Peer 1: 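I'd like to ask some things about the structure below.
Note that the structure is a prediction, hence the values are computed from the model and not measured.
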Amino acid sequence: VELDEECSEILVRRHPAASDLRLVVAVIKTITDLERVGDEAERIARMAVHLAQEGDSAHLVGRPYASLMNMGELVRGVLRDALDAFARVDATTALAVAKRDRDVDREYEGITRQLITFMMEDPRTIGHCLDIMWSARALERIGDHARNICEYVIYLVEGKDIRHTSLEEVEEIVSGSE
């Protein structure tokens with residue numbers, strides 16, 4: 001809230017132009033995505049508590065836990081690197097990080113397939129599997145928010161809104177300005 005207020009104050013009092021205005025816009029948008037990351041993290045924590053309370057059936061779906069942990073590490077790295085690219089205003093790194101969102105999406109799809117198989121084989125696992133699936137979905141969304149942050153970095157550096165542009169086209173934009 002404080003950052004939002006400070007950005008509004010800058011817009012009202014200083015009337016920034018060009019790159020300064022892009023910076024304020026990128027900060028405002030990043031704040032929104034970071035709030036959503038926090039919401040997703042809270043959702044994951046609730047699922048973890050729920051799964052821990054039902055620990056007796058956890059052995060039924062042990063393998064997806066390992067996949068979820070791997071996905072969590074991947075997402076944590078993507079988010080950290082996206083924020084690092086933002087702090088450095090580094091479009092090249094932002095593009096590389098945005099590409100890693102594809103890996104997050106593949107992990108999510110793999111976990112989903114794995115969980116569907118478990119639920120079909122043993123209906124007793126459905127509740128547990130759904131909790132894991134919701135957690136995986138939250139991680140996938142965090143990856144999407146990290147990609148959004150990377151898009152804001154590229155917007156900040158290049159002055160182009162690349163939200164609905166393929167990564168290949170973005171690569172041409174970023175490499176063309178180096």
Peer 1: Is there a donor in the side chain of Gln114 and an acceptor in the side chain of Ser67, or the other way round, less than 3.5 Å apart?
Peer 2: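 Yes, because at least one side-chain N or O of Gln114 sits under 3.5 Å from a partner of the opposite role on Ser67.
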
Peer 1: For Arg46, I'd like to know if atom CZ has over 12 heavy atoms of other residues, nucleotides or ligands within 6.0 Å.
Peer 2: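 Count over threshold, so yes.
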
Peer 1: Indicate the atoms forming the closest heavy-atom contact of Arg22 with Val157, along with that distance.
Peer 2: NH2-O, 4.3 Å

Peer 1: So, are Asp39 and Arg141 salt-bridged, with charged N and O less than 4.0 Å apart?
Peer 2: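 No.
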
Peer 1: Is there a path of hydrophobic side-chain contacts, each under 4.5 Å between heavy atoms of I, L, V, M, F, W or Y residues, that connects Phe86 with Val89?
Peer 2: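 Yes: a chain of side-chain contacts under 4.5 Å links Phe86 to Val89.
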
Peer 1: Using a strict threshold of under 4.0 Å (side-chain N to carboxylate O), is an ion pair present between Arg106 and Glu109?
Peer 2: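 Answer for the salt bridge query: no.
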
Peer 1: Here's a test for you: under side-chain contact (heavy atoms from CB on, under 4.5 Å), which of Val78, Asp144, Val75, Val104 qualifies with Leu139?
Peer 2: Val75

Peer 1: Is it true that Asp33 and Lys29 have a side-chain N and a carboxylate O under 4.0 angstrom from each other?
Peer 2: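 No.
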
Peer 1: When rounded to the nearest 0.5 angstrom, what is the spacing between CG in Asn70 and CG in Asp103?
Peer 2: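 Here the interatomic distance stands at 12.5 Å.
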
Peer 1: Report yes if the side chains of Pro123 and Ile126 come closer than 4.5 Å at any heavy-atom pair, otherwise no.
Peer 2: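 Yes; the side chains approach each other to less than 4.5 Å.
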
Peer 1: In Å and rounded to the nearest 0.5 Å, what is the CE to CG distance from Met120 to Leu115?
Peer 2: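 Result: 12.5 Å between the selected atoms.
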
Peer 1: With rounding to the nearest 0.5 angstrom, report the CG to CD1 distance, Leu34 to Ile142.
Peer 2: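 Those atoms lie 10.5 Å apart.
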
Peer 1: Same cluster or not: are Val49 and Leu68 linked, directly or through other Ile, Leu, Val, Met, Phe, Trp or Tyr residues, by side-chain heavy atoms under 4.5 angstrom apart?
Peer 2: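 Val49 does not cluster with Leu68.
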
Peer 1: Please report the interatomic distance CD(Glu140) to CG(Leu74), rounded to the nearest 0.5 Å.
Peer 2: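 Nearest 0.5 Å value for the CD-CG distance: 11.5 Å.
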
Peer 1: Just verifying a value: how many Å separate His145 NE2 and Thr30 OG1, rounded to the nearest 0.5 Å?
Peer 2: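 Going from NE2 on His145 over to OG1 on Thr30, the span is 12.0 Å.
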
Peer 1: Judged by modelled atom types alone, do Thr32 and Glu35 share a side-chain donor-acceptor pair under 3.5 Å?
Peer 2: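 Absent: no donor and acceptor within the cut-off.
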
Peer 1: Roughly how far, to the nearest 0.5 Å, is the SG atom of Cys150 from the CG atom of Leu79?
Peer 2: 9.0 Å

Peer 1: When you check the gap from the basic side-chain N to the acidic O, do Glu40 and Arg36 get nearer than 4.0 Å?
Peer 2: no

